[in-house]
**Student:** 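Quick one: structure below, then a few questions.
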Amino acid sequence: MGHFGIRVVIIEPGYIAPGMKAGETHPASAAYAELAEQWPAPTSGSTPRGATGPELAARAIADSIEDPTTPLRVEVGDDATMVLAARRQLDDAAFESAMREVVGLTW
């Protein structure tokens, strides 16, 4: 994109709390029941323990726009640094398996 005068920056966030609030529940297909049990819906707009608020990602985006020396990749959050380091060391299947184990997913 540089040929066209467009600078690209990849923002690589870790676990960013979405800030979503619980709303009306909608019945899901039975095919998703096991997943729904393992991945609870948001219950408030608060930041879950261990999660970074969206402000940190927003600041990284704003900084990258304003600073022409921003590197191609910007890791956001301490967990992003850890996860991306693991990603560089594992193949796709091993990385997916490790992430599923860390977050406790069995599907």
**Student:** Please test R88 against E75 for salt bridge (Lys or Arg N to Asp or Glu O under 4.0 Å), starting from the C-alpha separation and ending with a verdict.
**Tutor:** CA-CA 13 Å; R88 288 186 288 272; E75 297 174 0; 3.6 Å; yes

**Student:** Between L56 and I65, is there a shared hydrophobic cluster once you connect ILVMFWY residues whose side-chain heavy atoms come closer than 4.5 Å?
**Tutor:**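 Cluster IDs for L56 and I65 match.
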
**Student:** Considering non-hydrogen atoms only, spot the tightest contact between D79 and Y15 and give its length.
**Tutor:**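 What the structure gives for the nearest pair is OD2-N, 2.6 Å.
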
**Student:** With rounding to the nearest 0.5 Å, note down the distance linking CD1 in I10 to OG in S64.
**Tutor:**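 Result: 11.0 Å between the selected atoms.
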
**Student:** Go through V9 and V74 one step at a time and tell me if the side-chain contact (heavy atoms from CB on, under 4.5 Å) criterion holds.
**Tutor:** CA-CA 7 Å; V9 174; V74 177; 3.9 Å; yes

**Student:** To the nearest 0.5 Å, what is the distance between CZ on R87 and CD on E12?
**Tutor:**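 With rounding to 0.5 Å, CZ (R87) is 11.0 Å from CD (E12).
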
**Student:** What are the two closest heavy atoms between G14 and A80, and how far apart are they?
**Tutor:**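 Where G14 meets A80 most closely, the heavy atoms are N-CB, 3.4 Å.
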
**Student:** Heavy atoms only: give me the nearest P54-I16 pair and the separation to one decimal.
**Tutor:**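 That would be CA-CG2, 3.6 Å.
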
**Student:** Ignoring hydrogens and geometry, is there a side-chain-to-backbone donor-acceptor pair from R59 to A62 under 3.5 Å?
**Tutor:**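 Absent.
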
**Student:** Does M82 share a hydrophobic cluster with M99, counting links as ILVMFWY side-chain heavy atoms below 4.5 Å and allowing steps through other members?
**Tutor:**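 M82 clusters together with M99.
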
**Student:** Has D78 got more than 12 heavy atoms of other residues, nucleotides or ligands less than 6.0 Å from its CG?
**Tutor:**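 12 or below, so no.
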
**Student:** If Ile, Leu, Val, Met, Phe, Trp and Tyr residues are connected whenever their side-chain heavy atoms lie under 4.5 Å apart, and connections chain through other members, are L90 and L84 in the same group?
**Tutor:**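 Per the 4.5 Å side-chain linkage, L90 and L84 are not co-clustered.
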
**Student:** As a quick check of understanding, evaluate side-chain contact (heavy atoms from CB on, under 4.5 Å) for R7 and T70, giving each step before the final call.
**Tutor:** CA-CA 10 Å; R7 184 174 56 93; T70 300; 3.7 Å; yes

**Student:** Mind running salt bridge (Lys or Arg N to Asp or Glu O under 4.0 Å) on E96 and R100 for me, showing each step along the way?
**Tutor:** CA-CA 6 Å; E96 182 177 343; R100 286 178 184 275; 2.8 Å; yes

**Student:** Treat each ILVMFWY residue as a node, draw an edge where side-chain heavy atoms are under 4.5 Å apart, and state whether I6 and L72 are in one component.
**Tutor:**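 As far as the 4.5 Å side-chain criterion goes, L72 and I6 are connected within one cluster.
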
